**Q** 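Pasting a structure here, questions to come.
Lettering follows sequence order; numbering is per chain, from 1. Values in this document were obtained by computation on a predicted structure and should not be read as measured data.
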Amino acid sequence: MRNPAQHPPFDAERLLREYARTGNPAIRDKVVEAHLYIASIIAKRFSGRGVEYDDLYQVASLSLFKAIERYDPERGVKFSSFATPTMVGEVKNYFRDRSRLIRLPRRGGELIRSVERAREALTAELGRQPNADELAERAGAEIDDVLEALEMRGAASPISLDALPMEDEENAPLSAFLGMEDQGYERFERGDMLKRAMDSLDERQREIIRMRFFENRGQREVAQAIGVSQMSISRAERQALSKLRDALSESEEKG
Amino acid sequence: MCDPLIQLIVPADQSMMLVIRLATAGALARAQLTVDAIDDLKMAVEEACTLMISQECPPTKIYLEFFRRERAMDIHVHGEPGAVCVCGMDAGELDVVCAILNALADAAEIDFADGRIRNILLTKDLSR
């Protein structure tokens with residue numbers, strides 16, 4: 001993996017001292033670019049747990065900016081040593097936030113909800129995160145069930161509707177398996193109504209409508225095909241459309 | 001070194017991760033750790049096991065051992081004794097992985113020698 005920060009003369013600490021003094025964003029960007037390889041490694045290590053590499057890379061990369069703003073060059077810590085835990089922390093928080101957005105099926109969901117409620121209440125009461133024993137006691141559950149619930153909460157991860165159910169088969173994406181309203185009935189009904197409305201026209205009007213709107217031919221072309229003036233076609237078309245409108249609104253009122 | 005409090009031996013296969021995570025959660029819960037600390041250590045252990053498994057030539061088994069000290073919990077991750085492994089990861093990436101493990105546990109050491117990872121030690125300070 002390319003690691004530009006490792007090769008001299010790149011000196012992140014010197015650049016960051018300069019950035020702290022001048023606030024020049026070009027210097028900050030240079031440091032960010034030189035450390036994106038860490039974001040890439042972190043994203044690679046944490047991907048495959050229900051979150052895509054690209055999302056994790058984005059979270060880790062953005063946290064580089066935070067790390068730069070918080071970094072104090074005078075403390076003598078290497079920037080990469082300071083930035084990595086910051087980036088890991090952001091990725092961890094991303095996982096936690098995401099897992100709390102998921103709604104699970106009832107059986108597991110109820111336990112998870114009661115564990116989450118207990119966790120929030122105990123955190124407020126104790127002023128710290130509770131341990132598993134305290135959680136189990138408050139949630140009125142066995143400790144093993146609480147541990148499973150916590151694991152289940154982390155295991156629930158959303159996947160894209162564009163994802164293929166099985167990677168090695170030529171399957172349709174998951175979105176193709178979602179139920180939806182069948183448009184066929186409506187199309188059939190409209191087709192039937194139009195057919196009955198067309199019956200209200202005489203043969204010449206039907207021919208004009210067919211050529212104009214089903215074959216998308218211009219008025220002049222239709223006039224030539226039938227052997228009349230364009231003006232006659234225009235008038236006949238207007239009358240035919242008016243009849244069709246009446247017939248269709250009558251059908252809709254009946255329906 | 002004394003006998004481990006818990007020793008788990010599983011095939012070196014990614015499909016074992018749920019077993020590893022649950023066993024880790026169980027072991028750590030009994031050390032009175034907070035749920036967030038347990039979450040972090042589950043990630044660290046998973047990462048350490050993944051590091052072992054994803055070597056160019058991995059061991060066939062993963063040994064996960066929990067040792068309880070007075071104010072700390074040590075977790076060792078290694079392959080079966082005598083396993084011939086080849087890491088295949090460049091030193092820069094290994095440094096970052098070590099930093100990741102350090103960020104998830106209170107301390108982490110990767111025992112790397114002869115081109116292979118011999119042991120990963122994660123330590124959780126229980127005195128805080």
**Q** Roughly how far apart are N131(A) CG and L28(B) CG, rounded to 0.5 Å?
**A** 12.0 Å
**Q** Does anything in residues 57-78 of chain A get under 4.5 Å of chain B by heavy atoms, and if so which residues?
**A** none
**Q** Under a 4.5 Å cut-off applied to non-hydrogen side-chain atoms, are D39(B) and F95(A) in contact?
**A** no
**Q** For L147(A) and A29(B), which heavy atoms make the closest approach, and how far apart are they?
**A** CD2-CB, 3.7 Å
**Q** Whether K92(A) and D36(B) form a salt bridge (side-chain N of Lys/Arg under 4.0 Å from carboxylate O of Asp/Glu) is what I want to check.
**A** no
**Q** Just to verify, which of V115(A), L122(A), L135(A) counts as forming a side-chain contact (heavy atoms from CB on, under 4.5 Å) with V35(B)?
**A** L135(A)
**Q** Output the distance between atom CE (M43(B)) and atom CZ (R45(A)), rounded to the nearest 0.5 Å.
**A** 13.5 Å
**Q** Does atom CD of E80(B) have more than 12 heavy-atom neighbours from other groups under 6.0 Å away?
**A** yes
**Q** For chain A, which residues of residues 104-119 of chain B have at least one non-hydrogen atom nearer than 4.5 Å to it?
**A** L104(B)
**Q** Give, for atom CZ of R119(A) and atom OG1 of T34(B), the distance between the pair rounded to the nearest 0.5 Å.
**A** 8.0 Å
**Q** Output the distance between atom CD (E47(B)) and atom CD1 (I42(A)), rounded to the nearest 0.5 Å.
**A** 10.0 Å
**Q** In terms of heavy-atom pairs under 4.5 Å, which option from D40(B), V97(B), N102(B) contacts chain A the most?
**A** D40(B)
**Q** Given side chains that start at C-beta, do those of M87(A) and I100(B) come closer than 4.5 Å, heavy atoms only?
**A** no
**Q** What part of M17(B) gets within 4.5 angstrom of chain A, counting heavy atoms only: side chain, backbone, both, or neither?
**A** neither
**Q** So with a 6.0 Å cut-off around CD of E52(A), is the heavy-atom count from everything else above 12?
**A** no
